[in-house]
Amino acid sequence: MKIHYFVVIVFSSVLLFGCSSNQKNDNVAKAEVQDGLKEQGIKANSSSNIISPNQNSIQTPTFTVNEKVNDVIMVYEIRGKNRKFGYFDKPLIMEKENKLEWLFWTIDEQLPLGELKVKAVQDESGKSIIAKGEIVKKETPLKELPKDYTPKPVSINKNNEEDIEINFNFPVSISSTSIKFNESGIWELQLFLNDKPLGNMNVYVTKKNGANIYYLDN
């Protein structure tokens, strides 16, 4: 009888030790995952907003520009300052020539024309790159401009025609620049028209085949 009790006690101890060992291994694994996420600047169980790794600078949001083509509204997504300036939104890839097609709106009822200078400054390292272009008058519809962008068509009907017409505010001039970013992360684009400050915006540059996503702390 004593032998049976001894066997039961030994068997129970083995089970408890095994459970404790598995729980310990699970905790170690979770800790390693959490540490890995912290090293990447990612917080688990958080919402997916595109921001810079240091949580300070956020990417400048996009806005839309509408253009009527026959009976269809073409919707273009522009990244920049709403109804001031911006480029046709596209992914920006590190170590690749990124051609940006810019749109400009009137400034104090004046047509913005002349030399465009874009100074790109990396958020963390402070490295800078200069790109230049020429701002000219827009004389063709947006759909005829050379760009790597596909607009979103929206059919017009009586229910949305009035709302769409209110949003028409066309750019008056255009330009093109090419920038090769040598680092990923957040870059500030400082725009100058004829050496006078026009404004600035933040963009995110991703590595080749990298995900353009960071997570915002709650």
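A quick note: this is a predicted structure, and the numbers were derived from the prediction, not measured.
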*Asks:* Is there a donor-acceptor contact under 3.5 Å from the side chain of E101 to the main chain of F88?
*Replies:* no
*Asks:* Are V203 and Y87 close enough that some pair of their side-chain heavy atoms sits under 4.5 Å apart?
*Replies:* yes
*Asks:* If you look at every heavy atom in F85 and L198, which pair is closest and at what distance?
*Replies:* CE2-O, 3.7 Å
*Asks:* If every non-hydrogen atom of L116 is compared with every non-hydrogen atom of I135, which pair is closest and at what distance?
*Replies:* CB-CG1, 3.6 Å
*Asks:* Test ring pair (Phe, Tyr, Trp, His ring centres under 6.0 Å) on F181 and W187; report intermediate values, then the result.
*Replies:* CA-CA 9 Å; F181 300 96; W187 287 73; 5.1 Å; yes
*Asks:* Any heavy-atom pair between the side chains of E188 and D123 that's under 4.5 Å?
*Replies:* no
*Asks:* Distance only, no hydrogens: is a donor on one side chain within 3.5 Å (strictly under) of an acceptor on the other, for Q122 and E124?
*Replies:* no
*Asks:* Any carboxylate oxygen within less than 4.0 angstrom of a Lys/Arg side-chain nitrogen, looking at E115 and K117?
*Replies:* no
*Asks:* Atom NZ of residue position K84 - does it have more than 12 heavy atoms of other residues, nucleotides or ligands inside 6.0 Å?
*Replies:* no
*Asks:* Locate the shortest heavy-atom distance separating F104 from P112; write the atom from each residue and the value.
*Replies:* CB-CG, 3.8 Å
*Asks:* Under the salt bridge (charged side-chain N to carboxylate O under 4.0 Å, His left out) rule, collect the residues that match up with E183, sequence neighbours excluded.
*Replies:* K127
*Asks:* For T62, what residues pass the side-chain hydrogen bond (donor to acceptor under 3.5 Å, both in side chains) criterion, not counting sequence neighbours?
*Replies:* E77
*Asks:* When you compare the side chain of Q190 with that of P197, does any pair of heavy atoms fall below 4.5 Å?
*Replies:* no
*Asks:* Side chains of W102 and S176: any donor to acceptor distance under 3.5 Å?
*Replies:* no
